[in-house]
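Some notes on the structure that comes next.
As the structure is a prediction and not an experimental result, all values here were calculated from the model. The chain is numbered in sequence order, starting from 1.
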Amino acid sequence: MQAAMPTAAASAFMARFGLRYPIMQAPYGGPALAAAISNAGALGTVSLWVGSEDAARERVQTMRQSTTQLFAVNYVLSFEPRSLPAALDAGAPAVHFSWGVPPPAMAAMVRQRGAIFGVQIATVEGASAALEAGASYLVCQGIEAGGHVQSSTPLYELLPRVVDRAKDTPVLAAGGITHGRDICKALRAGASGVLIGTRFVATQESMAHPEYKAALVSAEPTDTALSVCFQDGWPGALHRTLRNGTLERWEAAGCPPVGQRPGEGDVVARLVDGSPVARYHFASPQRGVEGQVTDLALYAGAGVGEISDLPPAAELIKRLWEECVSPDLR
């Protein structure tokens with residue numbers, strides 16, 4: 001059996017965006033991780049939807065100092081993207097939108113600043129809207145994804161329909177992708193590439209808390225749950241996390257609504273600056289957080305059972321691609 005080579009769609013995507021690998025990072029992990037991913041030949045992404053204009057400007061400047069390769073900044077359109085103009089002024093080359101499609105004025109602003117944008121979608125109708133807005137790529141998210149989940153459809157039910165609708169626009173598959181065989185499957189199903197989240201959280205450069213990383217490494221394939229347990233700060237947003245004490249107490253109580261949850265109002269951890277983090281807040285633990293870290297939201301996709309180590313990002317990307325193209329490693 002011969003090794004699987006990149007598909008025509010994957011090759012076109014890599015050529016179009018100047019990549020060595022058809023891999024994009026989901027927006028979590030911090031600038032050091034995103035820069036390492038871009039420097040390794042994939043597409044790194046930094047999250048800017050939380051924070052001030054000054055913070056966004058600083059993160060973009062940090063990225064531009066850390067890599068000469070393409071990177072993206074992420075805005076979740078459930079929240080007002082107030083810092084987007086500042087990020088574009090600082091030289092962000094690409095914008096990755098999720099949980100919504102940018103309105104015409106916002107899309108025009110991105111293009112006028114010389115940047116491109118892509119959109120994460122969860123339905124064919126969402127794909128159509130993103131294409132009409134002028135998206136340079138789409139991310140097709142399946143329900144298997146970790147973190148906040150737009151989708152209600154398994155990835156491989158949705159992906160062929162989105163690829164068909166997108167025509168020549170690249171479509172990246174997202175949801176449960178942690179091994180090279182997952183990349184191979186996505187490419188053979190018509191995707192131009194993949195978006196990977198949880199697997200990149202479990203790397204040396206990731207800003208995730210060490211206890212969060214350790215939980216990912218030790219997790220079993222059945223250890224994730226889709227719920228609205230950790231919804232404080234983002235009401236009603238569905239998310240996939242590892243099972244932990246907070247989730248199990250909430251489920252045991254019958255999944256009660258806000259105002260009736262066990263331990264509601266408990267301060268379970270504190271940020272580096274001493275700010276409290278309540279039990280049901282949507283924030284996941286980063287380095288420097290102190291307290292009952294593993295009672296916070298530990299976002300993880302359905303493929304978490306494949307994670308067994310914490311490699312450098314560049315080493316991981318090389319390994320994933322070798323697993324993808326070599327039949328002996330799939």
Quick one: side chain to side chain contact (heavy atoms under 4.5 Å, CB included) partners of Ala32, sequence neighbours excluded?
none
I need the single residue from Trp234, Tyr75, Phe79, Trp49 that forms a ring pair (Phe, Tyr, Trp, His ring centres under 6.0 Å) with Trp99. Which is it?
Trp234
Of the non-hydrogen atoms in [X] and [Y], which two are nearest, and what is the gap between them?
X	Y	result
Val119	Ala130	CB-CB, 3.7 Å
Ser151	Ala122	CA-CB, 3.5 Å
Val101	Ala129	CG1-O, 3.8 Å
Val139	Ala174	CG1-CB, 3.7 Å
Val163	Ala191	CG2-N, 4.3 Å
Ala173	Ala186	CB-CB, 3.8 Å

Verify same cluster id: [X], [Y] (apolar side-chain graph, 4.5 Å):
X	Y	answer
Leu195	Val149	no
Val258	Leu238	no
Ile23	Leu316	yes
Val289	Leu298	no
Val110	Val73	yes

Here the salt bridge (charged side-chain N to carboxylate O under 4.0 Å, His left out) pairs for residues 106-132, sequence neighbours left out, are Asp89-Arg113
Scan for salt bridge (charged side-chain N to carboxylate O under 4.0 Å, His left out) pairs involving residues 162-178, sequence neighbours excluded, and state none if there are none.
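Residue pairs with at least one partner in residues 162-178: there are none.
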How long is the span from the [atom1] atom in [X] to the [atom2] atom in [Y], to the nearest 0.5 Å?
X	Y	atom1	atom2	result
Thr68	Met63	OG1	CE	10.5 Å
Ser83	Glu58	OG	CD	12.5 Å
Gln69	Ile37	CD	CD1	13.5 Å

Is there a side chain to side chain contact (heavy atoms under 4.5 Å, CB included) between Phe282 and His148 once you walk through the steps?
CA-CA 9 Å; Phe282 75 87; His148 289 88; 4.1 Å; yes
Let me see the working for Cys324 and Arg181 under side chain to side chain contact (heavy atoms under 4.5 Å, CB included), right down to the final yes or no.
CA-CA 5 Å; Cys324 174; Arg181 75 173 71 90; over 6 Å; no
With Phe17, which residues qualify under ring-ring contact (aromatic ring centres under 6.0 Å, His included), at least two apart?
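If we apply the ring-ring contact (aromatic ring centres under 6.0 Å, His included) test to Phe17, skipping adjacent residues, the hits are Phe13.
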Before accepting this row, confirm whether a basic side-chain N of the pair Arg261/Asp232 lies closer than 4.0 Å to the acidic partner's carboxylate O.
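Yes, this pair counts.
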Tell me, do [X] and [Y] make a side-chain contact under 4.5 Å, heavy atoms counted?
X	Y	answer
Thr123	Thr153	no
Leu48	Val60	yes
Thr45	Phe200	no
Val194	Leu172	no
Thr224	Leu242	yes

Under 3.5 Å side-chain donor-acceptor pair for Ser275 and Asp273:
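The criterion, which ignores hydrogens and geometry beyond distance, is satisfied for Asp273 and Ser275.
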Above 12 or not: heavy atoms from other molecules or residues under 6.0 Å from CD of Gln292?
yes
Check the surroundings of atom NZ in Lys185: do more than 12 heavy atoms from other residues, nucleotides or ligands lie under 6.0 Å from it?
no
ring-ring contact (aromatic ring centres under 6.0 Å, His included) pairs touching residues 112-143, sequence neighbours excluded, are His96-Tyr137, Phe97-Phe117
Using a 3.5 Å cut-off and no angle test, enumerate the donor-acceptor pairs between side-chain atoms of residues 246-255 and protein atoms at least two apart in sequence or in another chain.
{"from": "Thr246", "atom 1": "OG1", "to": "Arg279", "atom 2": "NH1", "distance (Å)": "2.9"}
{"from": "Thr246", "atom 1": "OG1", "to": "Asp295", "atom 2": "O", "distance (Å)": "2.7"}
{"from": "Trp250", "atom 1": "NE1", "to": "Pro256", "atom 2": "O", "distance (Å)": "2.9"}
{"from": "Glu251", "atom 1": "OE1", "to": "Arg243", "atom 2": "NH1", "distance (Å)": "2.6"}
{"from": "Glu251", "atom 1": "OE2", "to": "Arg243", "atom 2": "NH1", "distance (Å)": "3.3"}

Check each of Pro31, Pro312, Pro311 against Glu205 using the side-chain contact (heavy atoms from CB on, under 4.5 Å) test, and report the only one that passes.
Pro312
Would Ser284 and Tyr28 count as a side chain to side chain donor-acceptor pair (under 3.5 Å) here? Give the steps.
CA-CA 10 Å; Ser284 62; Tyr28 179 85; 3.3 Å; yes
